Amino acid sequence: MALITKAIKGTKDVLPGEVYKNQYIEATVIEAAEKYGFKEIRTPVFEHTELFRRGVGDTTDVVQKEMYSFDDKGGRNITLRPEGTAGAARSFLENGLCNETLPQKVCYITSCYRYEKPQAGRLREFHQFGVECFGTPSPLADAEIISLAKSVFDTLGIRDLHLEINSIGCPECRKKFHTALKEYFSSKKDELCETCRDRLERNPMRILDCKSPICAEAAKDAPVVIDYLCDDCKAHFEEVKKYLKAENIEFTVNPKIVRGLDYYTKTVFEFISSSIGAQGTVCGGGRYDGLIEELGGQKTPSLGFGMGLERLLLLMETQGCDFPEDSKPDLFIAALGEKATLKAVKIAKDMREEGFSCLYDLNRRSLRAQMKYADRLSAKYTVVLGDSEVESGTAKLKNMQNGEETEIALATFVSGYYNITLSEQLNDLEINGETLDFSSLFGLGDKENG
Ligand code: ATP
Ligand code: MG
């Protein structure tokens, strides 16, 4: 059946030859988050559907159109997480993190699921790096998470991203803004898509985030939320900008950003690239002072962002950013015959224990085939073990880069390997006219293999 060998539409495999790029990005984001004091949290891939209805918001595209929801065999309505914030917030409450010293700063790398039209940079299963900072009203925190996102982009060498920020105020400002929006759109009701007509009553601000070009056209001259901010929200926004400037982080205020989740308040922001087409938003986030309360907790002002890892990778590849080289085996042992194979197994174990990657041919092919295999694996060094090498107790370690061969004793293979490879790396380095004995340097002299 053809279906068996066809992945679900909008999903993507990461193959072994490519995964080093993902690993690099993942290690980079977690390391950056740690520098800012965020610790990883791991939550389940599915939650009660109700959590997302509340946490993401009933009037959002995500909840109305994009969720993967199903009844499990026990009749529970369950949803594959479309984003990371709701699950992290649920965990924060359920596990009592809310009673510990605030703020609680968590981060995660998670898969997310949204039923959307797949295209470049838009998948049905995608991955997010996200951070959440629970329990601080301070504008310092807004600037801090923006700074963290920026530091990730800088470390990865991404250029031409611009940061757009806005404030969408608190529920008080929102009331006045909603009234103004309703008034504006009431004469344009017939131009709006069906979803937005419904939103006009329930949450008119959502219309501004609609992807339909017709709604976007209708919204062209709509009032902007920033004109409706209360004094407190205005002051908060000014402080966020002040702290961003203190870090020399460039931004533009885009009064049109409203973001796709219902519980955003005050600061919202996006990092946008023009290099990867229409799906240019690589990171989006903001403050959600009402969310924890909405989920049944105490009032806990909080904020966070989500960064799309596929878009990030796409952007890096498009811009030709540097990735560290894919890892290569340190040593390939070509073994011929049973005795040599036994020796190879033992040497490989010792090498691996010392932290080297070491391979041999599981399929026990001919020498020619094994050397071809070593080549394809890009092994840094190879050694051939046959009957005569086992007999004499010595073999030739071959540097695959320059073809140079050096004799190596099988009984002290690992320290010999250290000696040869390190002295090759430090070829010209002599200290006081003497060559260093690297094996004694690493205390390997007494750890021999036999
Ligand atoms: P968009 O406007 O592109 O639909 P969004 O506002 O729905 O994005 P968020 O919910 O803020 O996105 O998610 C944060 C980030 O996750 C986005 O900025 C993007 O990088 C990434 N992302 C969102 N949806 C997808 C998807 N379907 N495929 C790949 N990445 C996505
Ligand atoms: Mg979306």
Side-chain angles (χ1 to χ4, degrees), residues 7-12 14 22 25-26 29 52 55-57 59-68 79-89 107-132 145-146 148-150 152-153 156 158 161-166 168 195 205-213 215-216 219 254 256-264 267-288 291 303-318:
I8 304 256
K9 190 173 169 189
T11 68
K12 228 176 112 214
V14 180
N22 300 64
I25 291 176
E26 288 162 17
V29 300
F52 299 114
V56 179
T59 57
T60 58
D61 266 354
V62 170
V63 169
Q64 290 197 331
K65 305 180 183 166
E66 299 172 358
M67 292 209 300
Y68 277 91
T79 295
L80 302 184
R81 65 176 162 230
E83 52 90 56
T85 304
C107 66
Y108 47 82
I109 293 174
T110 53
S111 56
C112 300
Y113 303 84
R114 296 186 191 178
Y115 195 81
E116 300 196 72
K117 194 162 163 253
Q119 52 201 286
R122 194 175 290 291
L123 294 154
R124 290 184 174 172
E125 180 188 64
F126 63 100
H127 296 77
Q128 272 189 0
F129 161 58
V131 309
E132 315 293 344
I145 62 167
I146 290 172
L148 164 53
K150 172 90 168 42
V152 167
F153 299 131
L156 294 174
I158 293 167
L161 263 187
H162 58 275
L163 166 63
E164 301 193 349
I165 62 172
N166 191 21
I168 57 173
T195 324
M205 203 172 78
R206 281 276 72 78
I207 301 172
L208 305 178
D209 203 37
C210 182
K211 293 272 156 27
S212 148
C215 296
N254 177 353
K256 295 213 150 149
I257 301 181
V258 294
R259 307 279 315 129
L261 310 182
D262 271 355
Y263 292 102
Y264 277 116
T267 318
V268 289
F269 64 90
E270 293 184 350
F271 281 89
I272 304 165
S273 162
S274 45
S275 326
I276 50 171
Q279 268 58 250
T281 306
V282 188
C283 175
R287 189 166 263 291
Y288 45 83
L291 174 65
L303 63 164
F305 67 66
M307 196 183 279
L309 295 183
E310 282 82 3
R311 285 188 200 175
L312 193 61
L313 177 58
L314 187 65
L315 185 56
M316 287 181 71
E317 285 175 336
T318 307

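The model shown is predicted, which means the values in this text are computed figures rather than measured ones. Whatever order the structure lists them in is the order used to number ligands and atoms, beginning at 1.
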Under-4.0 Å salt bridge between E270 and R259: yes
Protein heavy atom at shortest distance from atom 12 (O) of ligand 1: R114 NH1, 3.6 Å
Identity and distance of the protein heavy atom lying nearest atom 6 (O) of ligand 1: R259 NH1, 3.7 Å
Contact check, E66 vs ligand 1, heavy-atom distance below 4.0 Å: no
Option from H127, Q128, K12, Q279 for which side chain to side chain donor-acceptor pair (under 3.5 Å) with E310 holds: H127
Which of the ligand 1 atoms, numbered from 1, are nearer than 4.0 Å to a heavy atom of [X]:
| X | result |
| --- | --- |
| G306 | 14 (C), 15 (C) |
| G121 | 28 (N), 29 (C), 30 (N) |
| T281 | 17 (C), 18 (O), 19 (C), 20 (O) |
| L123 | 26 (C), 27 (N), 28 (N), 29 (C) |
| K211 | 1 (P), 2 (O), 4 (O) |
| V282 | 18 (O), 20 (O) |

Residues E125 and Y68: side-chain donor-acceptor under 3.5 angstrom: no
Check: E66/Y115 side-chain N/O donor and acceptor closer than 3.5 Å: no
Does [X] approach ligand 1 within less than 4.0 angstrom via side chain, backbone, both or neither, non-hydrogen atoms only?
| X | result |
| --- | --- |
| E310 | neither |
| R311 | side chain |
| Q279 | neither |
| Q128 | side chain |
| C112 | neither |
| D61 | neither |

